[in-house]
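Report on the structure given below.
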Amino acid sequence: MLRFAPSPTGDMHIGNLRVALFNFIMSKQLNEELIIRIEDTDKERNIEGKDKEILDVLNLFNIEYSQVIHQSSHVKFHRNFAIALMHDKKAFNCFCSTEQLEMDKKEAKEKKIAYRYLGRCENLPADQVIDNMAPFTVRLKKPLKSVSFTDKVKGKLTFEPNDIDSIIILRQDKNPTYNFACACDDILNDISLVIRGEDHVSNTPKQIAIRDALKYEKKIEYAHLPIILDTNGQKMSKRDNASSIKWLLSEGFLPEAISNYLILIGNKPPVEVFTLKEALEWFDLSKISKSPAKFDIDKLRFLNREHMKRLDNKELSRYVGFADDEIGALAKIYIDECNTLNDLREKIKPYFEPRDEDGEFGEGVKIIKKLILKSDHIQDFNDFKEHVINETGLEGKNFLKPLRIVLTNSQDGPELAIVYPLIKNFLKEIAS
RNA sequence: GGCCCCAUCAUCUAAUGGUUAGGAUUCAUGGUUUUCAUCCAUGCCAUAGGAGUUCAAAUCUCCUUGGGGUCACCA
C-alpha cells in the first residue's frame with residue numbers, strides 16, 4: 001500500500017503534486033493501492049475545504065486512488081499506541097513547561113549547539129509523576145542505537161540517537177504530533193513504500209524509532225525526492241507563483257504538460273515529451289537524481305507547446321473557448337508561436353472582433369466585407385480570391401492587406417490559403 | 001551552529017576508467033517563407049578547486065570550497 005499524505009493547510013504546489021504523481025506511478029507499477037491520507041491533526045491550521053480542493057487537483061491530473069482517510073479519525077488509535085509505549089516504559093510523561101523548554105532552546109542557541117531535550121522528566125520517580133498536577137506531554141525515549149535505512153534515491157542513511165532525540169508524541173491536549181500520527185498510520189494502513197519530499201528525511205529515523213518501539217516488524221521502504229528549487233536556488237516558497245498549481249493552470253498550462261515536466265526534471269526518461277500513461281511504462285525510481293532541480297519555466301513552456309500539438313482539434317477548440325473542429329485546427333496553426341492556452345486564446349479572439357475600418361486599409365476592408373455579405377458561400381480559396389479581385393478591382397498591397405485584415409483581423413500571420421478553409425463557414429458572421 | 005544530502009553548459013541531463021565531453025530547452029546568427037511566427041542550419045556555453053590511485057580520471061579516494069535540506073506541543 002502506498003500513500004499520499006497532504007495536510008489541508010494550504011494550496012497544492014508543484015512539490016506536492018510531484019510526490020503525488022510519483023506515488024501514483026509506483027502504485028500502478030507495483031500493482032498496489034494508493035490511499036490519500038489527509039493529515040489534519042492540527043485543527044488550528046486546517047483550512048476548511050482544502051481537502052476537497054486537493055482531491056480536485058488529483059482528479060484533474062488523473063491521479064487515481066482507492067480511498068481517502070482523514071487522519072483525525074484515528075486519534076483514539078494513536079492514543080492507544082502511546083499508552084502501550086508508556087506501559088513498556090518506552091515513553092514517559094514530560095512536565096516541562098513551554099517556558100522552561102524555550103529557555104533551554106535559547107541557551108542552546110547561545111552556546112551555538114543544537115538543542116536537544118535535556119531528559120529532565122525521563123526518569124522521574126513514580127510518586128513525582130502521580131502527584132504531579134501540571135499539564136504534561138508524552139515523549140518517546142530516544143533509541144539506544146543508531147537508526148539506518150536505505151533510501152531508494154539517496155542510498156544508505158544513518159542517524160544517531162542524539163539526533164533523533166526524545167520527541168513529543170502526544171501534546172498536552174493529548175493529540176498526537178505529526179511524526180507519531182504518521183508512524184502509527186503507516187502501521188495501520190499497512191504501508192510498504194513511502195514516497196515523499198526530501199524535507200522529510202530527518203523525520204524518517206524518528207518514525208522508524210516509533211515503529212521499532214511499538215515492535216512493528218514490517219520494513220517500510222522509503223524514497224525521498226529532491227526538492228524543487230526556484231531560479232535562485234532556494235526552496236520554492238508559496239510566494240513563487242510558479243510553485244502554485246492553481247497559478248500554472250490559470251496561466252494556461254495543460255495538466256498533462258505539468259505532469260510531464262514534474263516527471264522529467266531530475267530524471268533520465270527515454271523521451272522528453274510524454275504523457276503520464278506513457279511514463280507508467282518506463283518510469284524508474286532508481287533513476288531519480290540525488291541532487292535538487294531548479295524550476296525552469298522555459299522548459300515547461302516548451303512541453304506545453306508540445307502537448308498542445310498533441311491535443312485533437314475538438315479538445316483544443318474547447319480549451320480556447322469554442323466547440324468547433326475548425327477553430328481547433330485554426331488554433332493549431334498558431335501553437336508554435338504560443339507557449340500557453342492563454343496565448344492561443346489571444347490569437348483566436350481577434351478573428352471574431354470588429355475590424356479596423358479607419359486605418360490605412362480601412363476602405364479596402366469595408367469593400368471586401370460588403371462583398372462577402374452579398375456573395376454566395378465559396379468553397380475554394382483561389383475561387384474566393386478571384387471573386388474578390390473581379391468584383392472589387394483591388395490589387396497588389398491594397399488587395400492583399402485588406403483581405404488579410406478581413407479574414408484574420410491582422411496585417412500579418414499565417415498563409416491565407418491555410419486559414420481560409422477553416423474560417424469560411426464563419427465569414428458572414430465575421431463580415432457583419 | 002549540529003546533523004544529513006548534493007556538485008558536468010544559464011537550465012534539465014548523457015557519457016562499462018579510454019568520446020572531439022553528447023542531447024534537449026533558452027539565447028544569438030544565417031537560410032527558407034510575397035508578411036509575422038514556424039521550419040531548417042549554424043553558433044555560444046560545462047566536468048567547482050587541490051592532492052592522490054592509474055598507462056589513462058567527469059568517472060575511484062581524500063581535503064577544500066560552494067549549494068541545499070532540516071533542527072516545533074507545524075505538517
Side-chain angles (χ1 to χ4, degrees), chain A residues 5-10 16 37-46 71 94 96-98 101-102 105 108-117 135-139 151 153-155 157-160 162-165 167-182 196-206 224 226-235 261 264-269 271-273 287 289-303 305-306 332-338 343 347 396-397 400-401 404 408 410-416:
Chain A
S7 69
T9 55
N16 287 142
R37 192 167 74 211
I38 306 287
E39 308 219 316
D40 56 351
T41 53
D42 186 350
K43 294 183 196 74
E44 303 285 304
R45 289 179 186 233
N46 288 345
Q71 191 165 52
C94 175
C96 296
S97 67
T98 314
L101 296 175
E102 282 306 319
K105 282 174 201 172
K109 197 166 184 178
E110 278 164 10
K111 285 189 193 160
K112 285 197 178 245
I113 54 169
Y115 164 75
R116 292 288 115 93
Y117 177 65
F136 64 92
T137 61
V138 178
R139 284 183 191 268
D151 188 276
V153 341
K154 303 217 162 251
L157 267 18
T158 303
F159 296 84
E160 298 306 318
N162 194 43
D163 295 316
I164 294 169
D165 208 6
I167 55 166
I168 294 176
I169 57 174
L170 248 40
R171 305 179 238 221
Q172 282 184 355
D173 66 6
K174 305 304 171 285
N175 277 317
T177 55
Y178 162 73
N179 276 308
F180 189 59
C182 186
R196 57 183 8 172
E198 186 176 36
D199 45 341
H200 284 287
V201 169
S202 58
N203 287 324
T204 299
K206 295 177 181 172
H224 290 96
I227 54 162
I228 301 172
L229 271 22
D230 64 21
T231 333
N232 300 320
Q234 305 284 308
K235 186 181 183 180
Y261 182 67
L264 174 72
I265 53 169
N267 199 356
K268 332 181 204 306
V271 289
E272 279 206 296
V273 184
K287 288 204 161 63
S289 163
K290 291 180 177 188
S291 45
K294 285 186 187 166
F295 186 85
D296 179 11
I297 199 156
D298 280 327
K299 193 79 171 196
L300 175 58
R301 290 189 178 117
F302 161 72
L303 292 173
R305 281 199 296 273
E306 295 303 313
K332 273 205 176 151
I333 296 171
Y334 289 98
I335 286 180
D336 280 313
E337 47 189 298
C338 291
D343 295 345
K347 294 287 183 185
K397 194 174 162 192
L400 273 172
K401 285 290 180 184
R404 178 172 284 285
T408 69
S410 169
Q411 291 206 27
D412 41 40
E415 269 185 65
L416 296 178

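In the text below, chain A, chain B and the rest are named by the order of the sequence lines, each starting its count at 1. Computation of the quantities below employed the complete heavy-atom set of this structure, encompassing side-chain atoms and omitting hydrogens, waters and symmetry-equivalent molecules.
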> Taking the P atom of each, how far is B/G50 from B/A58, in whole Å?
Replying inline: 12 Å
> When you compare B/C44 with B/A7, how far apart are their C1' atoms, in angstrom units rounded to a whole number?
Replying inline: 24 Å
> Excluding sequence neighbours, so at least two apart, what forms salt bridge (charged side-chain N to carboxylate O under 4.0 Å, His left out) with A/Lys112?
Replying inline: none
>> Side chains of A/Thr41 and A/Tyr178, heavy atoms from C-beta outward: is any pair under 4.5 Å?
In response: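 The answer is no, as the side chains (C-beta and beyond) never meet within the 4.5 Å cut-off.
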> Considering only heavy atoms from C-beta outward, does the side chain of A/Ser410 approach that of A/Asp412 to under 4.5 Å?
Replying inline: yes
Find the distance [X]:[atom1] to [N]:[atom2] and express it as a whole number of Å.
{"X": "A/Glu160", "N": "B/C4", "atom1": "CD", "atom2": "P", "result": "8 Å"}
{"X": "A/Lys294", "N": "B/C6", "atom1": "NZ", "atom2": "C1'", "result": "13 Å"}
{"X": "A/Ile113", "N": "B/C3", "atom1": "CD1", "atom2": "P", "result": "12 Å"}
{"X": "A/Phe180", "N": "B/A72", "atom1": "CZ", "atom2": "C1'", "result": "17 Å"}
{"X": "A/Glu110", "N": "B/G1", "atom1": "CD", "atom2": "C1'", "result": "13 Å"}

Pair partner, [N] [Watson-Crick or wobble, under 3.5 Å]:
{"N": "B/U38", "result": "none"}
{"N": "B/C62", "result": "B/G50"}
{"N": "B/G2", "result": "B/U70"}

>> Any N or O donor-acceptor pair under 3.5 Å from the base of B/A7 to the side chain of A/Lys290?
In response: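 In this structure, the two groups form no donor-acceptor pair.
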> More 5' along RNA chain B: A/Leu416 or A/Thr98, using each one's nearest nucleotide?
Replying inline: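 The residue whose closest nucleotide sits nearer the 5' end is A/Leu416.
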> Start at the 5' end of RNA chain B and walk down; is the nucleotide closest to A/Leu157 or to A/Arg404 reached first?
Replying inline: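 Of the two residues, A/Leu157 wins.
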> Does any N or O in the side chain of A/Arg139 come within less than 3.5 Å of the main-chain N or O of A/Tyr117, such that one atom is a donor and the other an acceptor?
Replying inline: no
>> Measuring from the side chain of A/Glu39 (C-beta onward, heavy atoms only), which nucleotide among B/U70, B/C4, B/A75 has the closest atom?
In response: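 Closest of the options to the side chain of A/Glu39: B/A75.
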